[in-house]
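Reading through the structure tokens given below for one structure.
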Amino acid sequence: ASHPTDDPLALMALCEELARAAGEHVRERTVDRGGVARTKSSAVDVVTAVDTESEALLRERIARARPDDAVLGEEEGGTAGTSGLTWVVDPIDGTVNFLYGIPSYAVSVAVVRGEPRPGEWTQIAGCVHSVAVGSTWTAARGYGAWRDGERLALREGPPLAEALVGTGFSYTADKRGRQGEVVARMLPHVRDIRRIGAAAIDLCLVADGRLDAYYEHGLNPWDVAAGSLVVTEAGGVVEGLDGGPPAHGTTVAGAAELVRELAALLRTLDAADV
Ligand code: IPD
Ligand code: CA
Ligand code: CA
Ligand code: CA
């Protein structure tokens, strides 16, 4: 029996094909602020019909192209496979931006080997397609990262005091309050803060050098599966607060030296237990 390829570049091409196909659908389907289909973990954790449709489209195409692979998606959860590979998909990252017509939202598609969790997985390939802007980032393990076909190479970061730092906030009220306090205490130590609203795009902007660093507490696998591979394949690091893998706590991304400085600041600001 012919086994589908595990080649990172071939899988990257498929990630891109899938992300663009779902992106095409998202682009055709605008909703307004009345388009909230339901809420999830809290009243601010919204889902639109388009999130669901985009994930259905991704799952259908994955099943057709890679019937033996598992799938983990934000809206439908996990589906088992037999190949050891899992497709980790965020059908719309930046749903709130999508709902308000702010053009920072993306389809994120990655394929990983092993448990589909940061620290346990081996990311093979990924694509983040920024639907409204039209930018597409791709990465393949061992081969590099690209934006619209142009090879990315992260430069050394500035000192923390001159760093533009992206972050994001969880959907649960008590966590958001604590995260806001951490941001307030961080602000005097950095150039400025950005809350762009789509974790996958934040990571790609770090890989681009358009953000110097990014951190967030409590991200899910689908938020980071593609974007963090784009960062590491561009030459950056993605770590937890203690320098190990991000796991369930805080994810910090950027050039190695700056990530160490930012993680040290976050530890003193007590972000670890947010
Ligand atoms: C969210 C966005 C947001 C981040 C949240 C994520 P969603 O994903 O990436 O920027 O701060 O932590 O949950 O719900 O829009 O896919
Ligand atoms: Ca969501
Ligand atoms: Ca997301
Ligand atoms: Ca999402």
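For ligands, and for the atoms within them, numbers begin at 1 and follow the listed sequence. Heavy-atom basis, side chains included; hydrogens, waters and symmetry copies ignored. Quick caveat, the model's predicted, so the values are computed rather than measured.
- With sequence neighbours left out, the salt bridge (charged side-chain N to carboxylate O under 4.0 Å, His left out) criterion links Glu257 to no other residue.
- Atom-to-atom distance recorded for Asp208:CG and Leu203:CG is 11.5 Å, nearest 0.5 angstrom.
- Within the structure, no pair that satisfies the ring-ring contact (aromatic ring centres under 6.0 Å, His included) test touches residues 151-191, not counting sequence neighbours.
- Checked against side-chain hydrogen bond (donor to acceptor under 3.5 Å, both in side chains), Trp121 has the following partners two or more places apart in sequence or in another chain: Gln123.
- Taking the charged nitrogens against the carboxylate oxygens, Asp192 and Arg194 do have a contact shorter than 4.0 Å, which makes a salt bridge.
- There is no side-chain donor-acceptor pair under 3.5 Å between Gln179 and His217.
- Within the protein, the number of N, O or S atoms lying under 3.0 Å from the Ca ion (ligand 3) is 3.
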